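Structure first, commentary second.
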Amino acid sequence: MSTDRPSVSMAASASRDKDARRLRGRLFVLSAPSGAGKSTLCGLLRARRPDLRYSISYTTRPPRPGEADGVDYFFIDEAGFTQGIAEGRWVEWAQVHGHYYGTAAAFIDAMLNQGHDLLLDIDVQGAAQLEKLYPEAVTIFIMPPSMDILRQRLEKRGTDSAGVIDQRLRNAMKEIAARSRYRHIVVNEKLERAVDELLDILAPGENDPADGAVSAPDLGK
Ligand code: ADP
Ligand code: 5GP
């Protein structure tokens, strides 16, 4: 009888487990009320962490000036989106501000299985769906410093009509009310400071549940 056979195979299996763990990337989920600066922060984060993969969502919202298909979003029509729902193509999806938004399941699985850290910019409904599927996901909520500043940012961006801005501000109150479900809260007052906080959260080993939660202005009431 050989005594070292079992231990060799156990060692091989342990090594495979380790590889599997190493190969599995980490999932970072970023939510914020519209206008809080999430797109700006994501752009800066991606410049500072070029290894980070980013999931481009599918949406039925029409492109804003300057947005490109396949860069900011994949812009699709409602028939294509609902067909995707029927086919189970979205790992999560939601209706936000009257339009459908969804994340492609195949892309998420491929990136995580290849061991890439992945950043998702999705709303609070989508984040809740993803957390159920990926309990280890690191969820981050971006807060504006105040509701007045949020309105100013939406107006300054100049991409939405007054009616759309009002709708987004009403929705913001609901989203902010859900912030306590997130593992981390980052206030986007000074851009560079917010990016540094996000980089700390994304740093390897810096995302266990007790880490990084910061106090935030109380805008939700
Ligand atoms: P979101 O993606 O959350 O809807 P954006 O990234 O488009 O928001 O930002 C909304 C507006 O606010 C943009 O004009 C952006 O340049 C501006 N902005 C973002 N972060 C800051 C900040 N920390 N200070 C000042 N302006 C900001
Ligand atoms: P916007 O129209 O301003 O680009 O995005 C509106 C909202 O939709 C934002 O809160 C954004 O995070 C969210 N969103 C973008 N992509 C997705 C997605 O794939 N799924 C979900 N659930 N929300 C998304």
Side-chain angles (χ1 to χ4, degrees), residues 27-47 54-76 80-81 84-85 89-108 118-134 137 139-161 164-165 167-179 181-182 186-198 217:
L27 184 58
F28 296 97
V29 177
L30 224 63
S31 299
S34 182
K38 190 158 35 89
S39 313
T40 309
L41 289 169
C42 280
L44 293 169
L45 262 187
R46 290 165 70 191
Y54 181 76
S55 164
I56 300 172
S57 294
Y58 288 71
T59 186
T60 59
R61 163 169 83 61
R64 295 186 183 126
E67 284 186 332
D69 188 43
V71 177
D72 302 283
Y73 282 102
F74 293 107
F75 296 99
I76 61 172
F81 198 96
I85 297 175
R89 194 172 161 203
W90 318 125
V91 64
E92 64 72 34
W93 65 271
Q95 256 188 315
V96 190
H97 312 133
H99 301 288
Y100 286 108
Y101 294 80
T103 304
F107 181 77
I108 302 268
L118 182 61
L119 184 64
L120 259 60
D121 161 353
I122 61 176
D123 87 317
V124 294
Q125 307 169 74
Q129 294 171 45
L130 266 185
E131 242 190 330
K132 287 203 185 106
L133 292 171
Y134 299 93
T139 54
I140 309 165
F141 193 85
I142 310 286
M143 285 282 283
S146 70
M147 290 306 284
D148 278 349
I149 291 180
L150 185 62
R151 176 183 283 281
Q152 283 166 28
R153 285 185 187 165
L154 284 168
E155 287 170 354
K156 187 185 110 193
R157 187 168 70 187
T159 52
D160 303 298
S161 67
V164 168
I165 289 179
Q167 185 192 25
R168 282 171 185 252
L169 286 170
R170 279 195 301 276
N171 207 37
M173 295 304 288
K174 285 191 218 145
E175 290 171 320
I176 287 170
R179 71 189 182 282
R181 289 197 230 131
Y182 285 71
V186 171
V187 182
N188 178 21
E189 184 156 21
K190 296 260 172 284
L191 260 183
E192 271 314 312
R193 168 133 195 240
V195 173
D196 284 344
E197 279 181 32
L198 288 170

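Just so it is clear, the structure is predicted and the values come from calculations on it, not from any experiment. For ligands, and for the atoms within them, numbers begin at 1 and follow the listed sequence. Side chains are part of it too, since the values below use all heavy atoms of this structure and drop only hydrogens, waters and symmetry mates.
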Measuring from the heavy atoms of [X], does anything fall under 4.0 Å of ligand 2?
| X | value |
| --- | --- |
| Arg168 | yes |
| Gln125 | no |
| Trp90 | no |

Polar side-chain atom of Asp160 near backbone of Ile165 as donor-acceptor pair, under 3.5 Å = no

Protein contact of atom 19 (O) of ligand 2 - nearest heavy atom, named by residue and atom, plus distance | Ser57 OG, 2.7 Å

protein heavy-atom neighbour closest to atom 7 (C) of ligand 2 works out as Val96 CG1, 3.8 Å

Numbering the atoms of ligand 1 from 1, which are under 4.0 Å from a heavy atom of [X]?
| X | result |
| --- | --- |
| Thr40 | 5 (P), 6 (O), 9 (O), 15 (C), 19 (C) |
| Glu189 | 22 (C), 23 (N), 24 (N) |
| Ser34 | 4 (O) |
| Ser39 | 1 (P), 2 (O), 6 (O) |

Tyr58 and Trp93 aromatic centres sub-6.0 Å | no

Could you tell me whether Ala32 approaches ligand 1 through its side chain, its backbone, both or neither, with non-hydrogen atoms closer than 4.0 Å?
-> neither

Contact (N/O only, under 3.5 Å) between Leu41 and ligand 1 | no

Which one holds for Gln129 and ligand 2: side chain close, backbone close, both close, or neither close, with close meaning a heavy atom under 4.0 Å?
-> neither

Residue-ligand contact Gly35/ligand 1, heavy atom below 4.0 Å = yes

